[in-house]
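Structure first, then comments.
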Amino acid sequence: MAELARHMVAYVAPDAWAMMVGADAPAALRDWAAAGRPAIVRRTLCDDGDAVPLGVPLPPALGKRRVALRCPPHAILRTAAPPLLRDAAAAAPREWQVTIAALLLCDPAIRCFGSLAWQHLTGLAYLAETSDIDLILACATAADADARAAQLAVIAADAPMRVDAELVAADGAAVQWREWRSGAPDVLAKSPGAARLVDRAAIFL
């Protein structure tokens, strides 16, 4: 199996769901599995062992729970990158569309996760008036990260929602854009296995 990155979407074999969720799983989770909806790759925890660490974020109408799951590698049917923002845009509120258009002008390859992504992927209602827009922007160099953060700052100033975005290096290390823009010498970098403070000069090489 190819290396799995945070926020990737994973589709699980139907017969594996029963083992993952257990016999006493809530009806919402059983229905999720029966519908063939995907899970998301989450950060690895120490007790995950050789299993693939997955999660299911249930929407508000189903309890708004984040359910951590462990899946045998052989039960992963396929994986996919997080949705492209341009594909998920139709699921966003009308009030968001001007901001989304500006973001896509900044980078047509922006991807999204969080509530917008899940509403797009499942057709279920995740977005509320207080929802953020969660984004992923690939950056090859520190100069790219600087430019993207500057563009996000301009867009976020007039956005009707909070703009949260991760600037992601080639090795998968992700930095929150506001923290990067702060110029702090050490920033919190998230990877599939950990989140740690690192020298900003070591992230985008």
Side-chain angles (χ1 to χ4, degrees), residues 1-45 47-94 96-97 100 103-104 109-138 161-162 164-166 168 172 174 190-193:
M1 180 188 301
E3 184 176 353
L4 298 177
R6 291 172 59 248
H7 306 310
M8 285 187 74
V9 175
Y11 291 84
V12 177
D15 58 357
W17 275 104
M19 179 199 66
M20 290 196 310
V21 303
D24 58 348
L29 195 54
R30 294 197 303 271
D31 291 346
W32 183 283
R37 296 186 179 114
I40 189 171
V41 177
R42 59 172 171 80
R43 197 171 66 201
T44 302
L45 302 176
D47 56 351
D48 285 327
D50 295 329
V52 178
L54 300 178
V56 168
L58 296 174
L62 298 180
K64 199 175 181 179
R65 291 178 52 203
R66 294 178 179 269
V67 183
L69 303 170
R70 296 175 178 84
C71 181
H74 63 79
I76 302 293
L77 297 178
R78 63 185 177 91
T79 59
L84 288 164
L85 178 59
R86 64 172 180 260
D87 293 337
R94 181 178 59 186
W96 287 23
Q97 296 301 325
I100 288 175
L103 289 164
L104 291 174
I110 290 178
R111 295 186 179 272
C112 63
F113 63 103
S115 296
L116 175 58
W118 284 106
Q119 187 152 310
H120 164 68
L121 288 167
T122 68
L124 300 175
Y126 279 83
L127 292 167
E129 290 184 1
T130 57
S131 294
D132 304 336
I133 188 168
D134 300 296
L135 306 169
I136 300 169
L137 293 85
M161 79 298 266
R162 178 178 171 85
D164 282 334
E166 293 185 354
V168 183
K190 296 181 179 180
S191 64

Judged by atom type as modelled, is there a donor-acceptor pair below 3.5 Å linking the side chain of R86 to the main-chain atoms of A109? no
May I ask you to decide if A51's main-chain N or O and R70's side chain share a donor-acceptor pair within less than 3.5 Å? no
Say you draw a straight line from CD1 of I110 to CG of L84; how long is it, rounded to the nearest 0.5 Å? 10.0 Å
Does R111 reach the main-chain N or O of P82 with its side chain, forming a donor-acceptor pair under 3.5 Å? yes
When every non-hydrogen atom of V52 is compared with those of P73, the smallest separation belongs to CG2-CA, 3.8 Å
Less than 3.5 Å apart, which donor and acceptor atoms pair up between the side chains of residues 122-137 and the rest of the protein, not counting sequence neighbours?
from: T122; atom 1: OG1; to: W118; atom 2: O; distance (Å): 2.7
from: T122; atom 1: OG1; to: L124; atom 2: N; distance (Å): 3.0
from: Y126; atom 1: OH; to: P57; atom 2: O; distance (Å): 2.6
from: S131; atom 1: OG; to: A128; atom 2: N; distance (Å): 2.7
from: S131; atom 1: OG; to: A128; atom 2: O; distance (Å): 3.2

Less than 4.5 Å apart, side chain to side chain, heavy atoms only: is that true for L54 and I40? no
Answer yes or no: is there a side-chain heavy-atom contact under 4.5 Å between L85 and L116? yes
Rounded to the nearest 0.5 Å, what separates atom CZ in R37 from atom CH2 in W17? 10.0 Å
Counting only N and O atoms by type, is there a donor-acceptor contact under 3.5 Å from the side chain of Q119 to the main-chain atoms of A92? no
Between W32 (side chain only) and P38 (backbone N and O only), is there a donor and an acceptor less than 3.5 Å apart? yes
Using residues 4-16 as the side-chain source, report each donor-acceptor pair under 3.5 Å to any protein atom, sequence neighbours left out, with the distance given to one decimal.
from: R6; atom 1: NH1; to: E166; atom 2: OE1; distance (Å): 3.2
from: R6; atom 1: NH2; to: E166; atom 2: OE2; distance (Å): 3.0
from: H7; atom 1: NE2; to: E166; atom 2: OE1; distance (Å): 3.3

Please report the closest heavy-atom contact between Q97 and A89, naming both atoms and the distance. NE2-O, 3.0 Å
